[in-house]
Amino acid sequence: MKSALLFCAAVAALWAQTGQPPLPRIVQKDGRYALLVDGAPYLILGAQVNNSSAWPAMLPKVWPAVEYLQANTVEIPVYWEQFEPDPGRFDYSLVDTLLTQAREHHVRLVLLWFGTWKNGSSHYMPLWMKRDPARYPRVTGANGRLVDSPSPHAAATLDADKHAFAALMRHLKSSDPRRTVIMVQVENEAGAYGSVRDYSPDAQKAFAGPVPAKLQAALHKSGGATGNWSEVFGADADEFFHAWSVAHFVGEVAAAGKAEYALPLYTNAALRDPLQPGPPSTYESGGPTDNVLPIWKAAAPALDLLAPDIYQSDPVRYLKALDLYSRPDNPVLVPETGNLPAGARFFFSALGHGAIGYAPFGIDYTGFSNAPLGAPRLNEESLAPFALNYKLIGPMMREIARLNFEGKLQTAVEEKEDHSQTLQFGPWTAVVSYGVPQFGPGNHPKGNPEPVGRALVAQLSDNQFLTAGFFCRVDFRVSDAASAERREFLRVEEGAYRDGVFKPIRIWNGDQTDWGLNFTSAPQALRVTLGVY
Ligand code: DGJ
């Protein structure tokens with residue numbers, strides 16, 4: 001606590017001196033991460049807009065959805081085709097509009113650089129590039145046919161992308177002293193569908209050459225620096241070669257931008273099936289899928305993290321995807337997730353994995369739906385479960401981010417067959433059950449009609465917890481069998497954090513605590529002090 005206060009004082013002093021809030025950055029401690037914004041842990045309660053919604057004419061349909069959701073951060077594209085209409089001539093008007101309007105709406109931005117790759121293709125390249133496919137080529141498939149994906153071996157494409165991305169970051173540096181933009185996504189779902197790798201003459205030459213020593217060292221591969229891709233990686237060679245090539249390209253673009261303005265940078269992944277991935281021909285090859293994360297880490301050190309776009313609706317797969325991307329070398333960020341109402345509970349799963357941010361996709365009222373990935377119609381009714389999450393967590397997002405960074409927060413999320421779950425905090429066990437009445441014993445929880453329950457519990461001190469949730473009961477027991485039934489609620493306070501301090505509005509007692517702490521659809525946060533009688 002003392003060091004946190006000293007740190008805040010140092011940040012405040014620097015801020016006063018420079019007249020600028022410090023740069024957002026990601027910090028790591030004991031394998032856990034925090035995104036610092038204005039010098040303190042920040043949780044991205046995000047909303048990602050539809051792909052074609054970043055145009056000024058569309059923004060009036062964006063803000064009402066963002067406001068209804070109570071998001072604190074909007075993830076929004078910057079289109080290369082708009083940004084560089086002629087070679088070397090940059091149009092900053094759209095970015096400037098986004099900055100102005102985001103400030104008016106009191107939200108931060110994560111800009112998505114739709115550059116060389118967008119969902120494996122190059123559809124956002126400027127027209128002058130599209131008209132010169134010989135200079136800015138696509139991937140050549142094994143059969144010699146062109147594939148609709150940019151080649152990562154094209155030097156001219158890389159040069160152009162680096163130049164444009166550096167211009168974007170340079171512009172942000174000069175036009176965003178308030179740090180409205182807190183992070184930038186470099187490319188969008190890079191990789192290729194339709195060919196596991198590029199078979200163009202340049203690619204073939206590199207494939208026949210030695211695996212870069214840097215990669216071999218990072219993967220602790222024997223085989224010597226002279227081994228070519230097939231010799232070192234056998235059956236995985238094609239996919240790993242494409243992953244290295246794409247990652248190297250994206251890493252170079254990221255580094256060029258970071259040299260101008262050192263904001264946190266990341267790129268996102270089109271996932272392969274987390275449980276039964278199948279061969280690379282069945283998913284987007286070369287992107288940061290779970291099996292090639294170490295390759296991406298070695299090839300693209302300028303990226304602060306690799307982020308999963310999670311559109312799974314099956315909880316086992318959703319949790320597995322989170323597991324695969326929460327690694328000691330990778331902070332968890334869910335930059336896109338489906339907006340189907342039933343999926344709202346997975347926000348709590350992301351929190352339980354220490355996520356620094358989370359954003360449902362397609363949040364605007366432009367009338368587009370990406371069903372079946374998202375809701376068939378996006379409106380207040382379909383957004384309500386997501387809005388509930390943010391209404392609860394918004395007022396305490398700094399505390400939640402800090403508690404997560406300190407490793408004190410755990411969550412529970414209802415699954416169809418799993419009506420009761422436990423979270424362990426030293427001698428205390430938090431029991432979360434679903435489908436019990438508010439009044440009366442809950443010995444046989446039957447689950448909610450739909451699995452929408454979710455809870456978080458964070459340890460504030462030895463015997464004090466913060467808990468909150470929806471559609472569930474949270475209770476505590478002492479792990480020691482002799483006193484298991486003798487837990488006592490010394491005090492249960494409902495309240496909210498203001499300026500980092502928990503301000504109670506009432507004490508829960510009587511019916512409200514006799515059967516455990518029951519959460520409904522009301523956003524309620526409780527500070528619970530426990531004892532044993
Ligand atoms: C993932 C992409 O990253 C998004 O831009 C969008 O195309 C969704 N898929 C589908 O709506």
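Atoms considered below: every heavy atom in the structure, side chains included; atoms not considered: hydrogens, waters and symmetry mates. In what follows, residues are counted from 1 in the order of the sequence shown. Order of listing sets the numbers, starting from 1, for every ligand and every atom in it.
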- [ ] Examine the side chains of D148 and H123 and answer whether a donor and an acceptor come within less than 3.5 Å of each other.
- [x] yes
Task: ring-ring contact (aromatic ring centres under 6.0 Å, His included) against Y434, all qualifying residues, sequence neighbours excluded - done: none
Task: Numbered atoms of ligand 1 (with element) below 4.0 Å of Y311, judged on heavy atoms - done: 8 (C)
TODO: Note the single closest protein heavy atom to atom 6 (C) of ligand 1, along with its residue, its atom name and the distance in Å.
DONE: F361 CZ, 3.6 Å
Open item on the list: Please list, in number order, the atoms of ligand 1 under 4.0 Å from a heavy atom of D309.
Closed with: 3 (O)
Open item on the list: Checking side-chain polar atoms at under 3.5 Å, does D161 have a donor or acceptor matched by the opposite partner on W113?
Closed with: yes
Task: T116 side chain to Y136 side chain, donor-acceptor N/O pair below 3.5 angstrom - done: no
Task: Option from Y199, F241, F249 for which ring-ring contact (aromatic ring centres under 6.0 Å, His included) with H153 holds - done: F241
TODO: Give the atoms of ligand 1, by number and element, whose distance to some non-hydrogen atom of E189 is under 4.0 Å.
DONE: 1 (C), 2 (C), 3 (O)
Task: Protein contact to atom 10 (C) of ligand 1 [nearest heavy atom, distance to 0.1 Å] - done: N370 ND2, 3.8 Å
Task: ligand 1 contact on N50 by region, counting heavy-atom pairs under 4.0 Å - done: neither
TODO: Give the residue, atom name and distance (to 0.1 Å) of the protein heavy atom nearest atom 3 (O) of ligand 1.
DONE: E336 OE2, 2.6 Å
Open item on the list: Regarding Y266 and Q185, do their side chains bring together a donor and an acceptor under 3.5 Å, going by distance alone?
Closed with: yes
Open item on the list: Suppose I only count heavy atoms of N188 and a 4.0 Å limit; which atoms of ligand 1 are within that range?
Closed with: 2 (C), 3 (O), 5 (O)
Task: Residues N389 and R345: side-chain donor-acceptor under 3.5 angstrom - done: no
TODO: Please report which non-hydrogen protein atom sits nearest to atom 7 (O) of ligand 1, along with the residue it belongs to and the distance in Å to one decimal place.
DONE: N119 ND2, 2.9 Å
